[in-house]
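First the proteins, then the strands, lettered A, B, ... as listed; each starts at 1.
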Amino acid sequence: MYDRVHAALEACYREAVSRGFLPETPLPSAHQIVPSKQTEHGDFASNLALTLAPVLKRPPRSIAETLKDLLTNDPLFERVDVAGPGFINFFVSRDAWAQQAASIHAHGDQYGESQEGEGKRVLVEFVSANPTGPLHVGHGRGAAVGDSLARILKAAGYRVETEYYINDVGNQMRTLGASVYLRYQEILGRTIDFPADYYQGDYIRDIANKILAEQGERYLDVPQEECLPYFTSEAVREISKGIRKDLEDFDVSFDSWFSEARLHEEGIVEQTIRELRDSGHIYEQDGALWFRTTAFGDEKDRVVRRSNGVLTYFAADMAYHRHKLERGYDILVDIWGADHHGYVPRISAVVQALGHDNNRLRVLLVQFVSLIEGGIAKGMSTRSGEFVTLRAVLDDVGPDAARFFFLMRKADSHLDFDLDLARKQGQENPVYYVQYAHARLASVARNAQEAGYLPLVPENVDVGRLSGADDIALIKLLDAFPRTVAESARAMEPHRVTFYLTELASFFHGYYTRSRFIGDDPDLTRARLLLAEATRRVIRKGLGLLGVSAPTHM
RNA sequence: GCGCCCGUAGCUCAGCCGGAUAGAGCGCCGGACUUCGAAUCCGUAGGUCGGGGGUUCGAAUCCCUCCGGGCGCACCA
């Protein structure tokens, strides 16, 4: 409907120009049509006259009146008003809204999708937790945001792939293997000195026990240096297995898993350094190699290879982003924990130094999660090792509540995750509130089926009967769905879909209390069942974009 | 000290590329089940949008400044 109003206004503007009522001038970029907040202001409002006024040097109300006179003949509108300082308010006719229900219904399961993304290729990289321990709630939020964003981008017409980058190289791997080795020794009765900066979690002991069960005591007297590769690879294998299982149970999947080791093995890191050195972006100083990131606005230059010859993590990151760019994506989305925000300028520098436009990189920063139980925050500081795992939350509240809660806030803001609320199975819990709307609609469908109304034959449904204020209001909400998804994709903000669904469910529950779908009037019943079916599909589709199930029974 | 993010109802937060009378959920209080699912609905109360200044027809939204909170500032990963 938005598009139709926009088209009508534009056509009217062109007509005003051609008839000499208004001088020729391009539409101001500040011009926009927005849904009206108040019913007195109609369905949509345009600020065209306001934005045109300074250019044309004419009072905005006078411009608005000129346009209004040309719009009043359009049958799409019941009325067009000029209001306030010069807004043009559009009152779409009831019949046009009612007919919109048929159009929404006709789109079936595709309703909500759009071509906003114009087929652009996007790589969404997220989670990418080091295989040195289980996923915690912070990763869980990143997983929910990344996976949901990918689904939303797809629905909005982007060609999307998802990827998990595995940091399986470097000192941390050594530390991981050594941690398991020491625990293995400890279990077998040796006195050990376990360093504070080694991995403290119980899962390290579990892995040591597993090795003991499978391999026995054969490594007891083998020097650490000799069997470290074995302990490391076993640990990575076990931990990765756990991470994959957690993600699978969270309904998060990746198109590819990209190993950092591969960047080194295939010489991509060295090649990237050479290339950037040749182009003058990397220089040598004090025996180390530096990337001149300050040339692109970073605070200071960054070391790529230390004077002792060891490559930094940044070196691999550089190579990884180069590799991603060369795979031909139009947009790279990196989803990081907000504590990494200081790394944005240097990665941005990499993209630019390689000759790419800076806006091909989009970094989403996901803020930390505080788990609240009994009104107080559960500890999750990493230094004490007392962080709460994603697994624990999944086992506690279930994947649907977890995903919904992770997506209730803008990714950029702190999230207080209320465990007590997430566990509740009542109206206070927003995820059940939305799911219940779906289950209710499914129940209506079952009753309609029994009464012989289903399946509907759309051609035989008189949607013109959907003329009540509630019917129209519900249609308007459904009408906003594709724009919500498109906007959510454009802004890369999945939480908008969560808010939309809560609003839709809220209105639906009220509608359900006030109006009957199945009543004495067969024609009205059929029209409302068509509306019910459209509503149910929107809720199911919306929940699907969040990765939340849409139950038919609860 | 420098940089980034955040201060909106009792609590948790939307709204922020400037638009008309600032919203939601939770919590509190009071109502509604003989008819499609009460995991629901209806109603009441609740605000100097952190303070101050600026930009303009118009500021929660943009700019400056101050206050308060979070995070980051390695030849670490």
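- Using Watson-Crick or G-U wobble geometry with both donor-acceptor distances under 3.5 Å, B:rA24 finds its partner in B:rU12.
- Taking atom CE of A:Met492 as the reference point, atom C1' of B:rC16 lies 19 Å away to the nearest angstrom.
- B:rC71 atom P lies 21 Å from atom CG of A:Leu364, rounded to whole Å.
- Distance CG (A:Asp521) to P (B:rU35): 22 Å, rounded to an integer number of Å.
- Applying the 4.0 Å criterion to OP1 and OP2 of B:rC41, one finds that A:Tyr433 has a side-chain N or O inside that range.
- Annotation: cation-pi pair A:Arg346/A:Tyr343 present, NZ/CZ under 6.0 Å from the ring centroid and within 45° of its normal.
- Between A:Ser443 and B:rG37 there is a side-chain N or O to OP1 or OP2 distance below 4.0 Å.
- Taking the 5.5 Å centre cut-off and the 30° plane limit, the aromatic side chain of A:Phe87 is classed as stacked on B:rA20.
- Between the C1' atom of B:rC17 and the CD atom of A:Glu493 lies a distance of 12 Å, rounded to the nearest Å.
- In this structure, A:Thr525 reaches neither bases nor backbone, as no heavy-atom distance under 4.0 Å exists between it and the strands shown.
- Nucleotide B:rC17 forms no Watson-Crick or G-U wobble pair with any nucleotide shown, as no partner meets the under 3.5 Å limit on both distances.
- Anti is the classification of B:rC73, since its glycosidic angle lies more than 90° from 0.
- In the interface, the side chain of A:His341 is paired with the base of B:rG3 through a donor and an acceptor atom under 3.5 Å apart.
- Across the strands present, B:rG3 finds its partner in B:rC71; the criterion is a Watson-Crick or G-U wobble pair with both atom distances under 3.5 angstrom.
- Atom CG in A:Asn47 sits roughly 10 Å away from atom P in B:rG18 (whole-Å rounding).
- Checking the phosphate oxygens (OP1, OP2) of B:rG15, a side-chain nitrogen or oxygen of A:Lys410 falls inside 4.0 Å.
- Per the geometry, OH belonging to A:Tyr343 stands 19 Å off P belonging to B:rG3, to the nearest Å.
- The distance between atom CZ of A:Arg409 and atom C1' of B:rG25, rounded to the nearest whole Å, is 8 Å.
- Stacking here means ring centres nearer than 5.5 Å and ring planes tilted less than 30 degrees, and by that measure A:His41 stacks onto B:rA20.
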